[in-house]
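One structure below.
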Protein chains: 2
Amino acid sequence: MAHSPLIKQLIDSFRCLPGVGAKSAQRMAYHLLERDRNGARRLSHALRQASEEVGHCQTCRILTEYEQCDICQSPKRDRQTLCVVETPSDVYAIEQSGSYHGSYFVLMGHLSPLDGIGPQELHLDTLKQRVEHENISEVILATNATVEGEATAHYLVEMLKPFTNKITRIAHGVPLGGELEYIDGSTLGHALNGRQEFK
Amino acid sequence: MAHSPLIKQLIDSFRCLPGVGAKSAQRMAYHLLERDRNGARRLSHALRQASEEVGHCQTCRILTEYEQCDICQSPKRDRQTLCVVETPSDVYAIEQSGSYHGSYFVLMGHLSPLDGIGPQELHLDTLKQRVEHENISEVILATNATVEGEATAHYLVEMLKPFTNKITRIAHGVPLGGELEYIDGSTLGHALNGRQEFK
């Protein structure tokens, strides 16, 4: 027995979501059709509206439907510190930590020449202009601690060095609650090299 | 920092999906907005179309956008055997097993008086009429092996007894691959009581 065409279309469409396989997609489709048609309509509406109206903040390139995002508009933020991250989720994670009050620039990815993602795709000229023309005292590179994230960070150092005095990289090391026994060697290497003196 | 209103609306809407919490909903929303807007539009369209057009098969009450589902239309199916299940997913699971070729009736739930789900909500009159007027030689009750499923099965036995000669219940027992050591007592009880002679 095959699902009817519309149900099949719905199940297939759910497959575009991260972490959703054939079984979960079927479960989601039947759940909505059997028990929550209003939820289905709301989700349909939210998807259409968001995919049509959400664009990028003109200053930091985070996802928003406004010209400028909350953070870039806020008068409370320190505009002399600029933190460069890969994705909007990274901004959200850093904001949740509560330990940063400066501004952001979101690359929306990392350099990946093989996938055709170069400086232009990451809008690095916008970043360069911001660092060049705004009065920025520190650029914090908070790209991921992956090969691509590191490579992107190194590229950014070279690109931004002429325009600012201070470029920093977030610390890599043992996460809080982490037991040394279970931490990989490269992380331990970073933790040792990045050791700080008690004051 | 709060998500922009449209992104927040999208994240909240994803929460109606089974097994999707705050974190997954955020991941899904950002994934679609950052990397797969076409997928988002397709999903939006599929959701709207399915939630508006998918109804119930007039014969077996499974979900379909047609008057009659594939199974009820198929000339290959045995119309003298009727299997009663709780949900369309159950039909799908039985069809996958490949060991049933009769027709179905889908209750779309189980009796649950406390939640206001009685015989009328499960369209039991349609079922009664089918058993009464069609030439059905066996009704197989394949509701879940839960308290509600068992109660529903017992209710159906009483209701259908006057109209058919043979009403059966699917076997409960040790699942294939199951080790007796890890099977609960009630299941083992069923397995023992339902034992069959070697032929």
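Each chain gets a letter, A, B and so on, in the order its sequence line appears, and its residues count up from 1.
Closest heavy-atom contact between B:Glu34 and A:Pro88: OE2-CD, 2.9 Å. The minimum heavy-atom distance between A:Ala40 and B:Ser51, with the atom names listed, is CB-CB, 4.0 Å. Contact between A:Ala50 and B:Leu33 at its shortest, heavy atoms only, is O-CD2, 3.8 Å.
How far CG of A:Leu63 is from OH of B:Tyr30: 6.5 Å, rounded to the nearest 0.5 Å. Considering OG of A:Ser44 and CD of B:Glu52, their distance stands at 8.0 Å, rounded to 0.5 Å. Note that the OG atom of B:Ser4 and the CD atom of A:Glu65 stand 3.5 Å from one another [nearest 0.5 Å]. For the atom pair B:Glu53 CD and A:Leu6 CG, the distance stands at 5.5 Å (nearest 0.5 Å). Going from atom SG of B:Cys16 over to atom CE of A:Met28 covers 9.0 Å, rounded to the nearest 0.5 Å. One distance of note links CZ of B:Phe14 with CZ of A:Arg42; it measures 13.0 Å at 0.5 Å rounding.
Between B:His45 and A:Gln9, the closest side-chain pair of non-hydrogen atoms falls below 4.5 Å. Side-chain atoms of A:Arg27 and B:Leu17, non-hydrogen and from C-beta on, never get closer than 4.5 Å to each other. Considering only heavy atoms from C-beta on, A:Arg41 stays 4.5 Å or farther from B:Leu47 through its side chain.
Only the side chain of A:Met108 has a heavy atom closer than 4.5 Å to any heavy atom of chain B. Interface remark: A:Leu43 contributes backbone and side-chain atoms alike to the contact with chain B (heavy atom separation under 4.5 Å).
Most heavy-atom pairs under 4.5 Å with chain A, from the set B:Ala29, B:Ser13, B:Pro18: that is B:Pro18. Of all the listed residues (B:Cys69, B:Gly39, B:Pro5), the one sharing the greatest number of non-hydrogen pairs under 4.5 Å with chain A is B:Pro5. Options B:Gln49, B:Arg35, B:Arg15 differ in how many heavy-atom pairs under 4.5 Å they form with chain A, and the most are formed by B:Gln49. The most heavy-atom pairs under 4.5 Å with chain B, out of A:Thr87, A:Val54, A:Asp36, come from A:Val54. Per-residue heavy-atom pair counts under 4.5 Å with chain B were compared for A:Leu32, A:Val20, A:Ile11, A:Asn38, and the maximum is reached by A:Leu32. Of the listed residues (B:Ala46, B:Ser89, B:Gly109, B:Ser24), the one with the most heavy-atom contacts under 4.5 Å to chain A is B:Ala46.
Around the CD atom of A:Glu134, the shell of radius 6.0 Å holds more than 12 heavy atoms that belong to other residues, nucleotides or ligands. Residue-environment remark: CG (A:Asn165) stays at or below the threshold of 12 foreign heavy atoms within 6.0 Å.
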Derivation and outcome, side chain to side chain contact (heavy atoms under 4.5 Å, CB included), residues A:His3 and B:Asp70
CA-CA 9 Å; A:His3 302 288; B:Asp70 279 7; over 6 Å; no

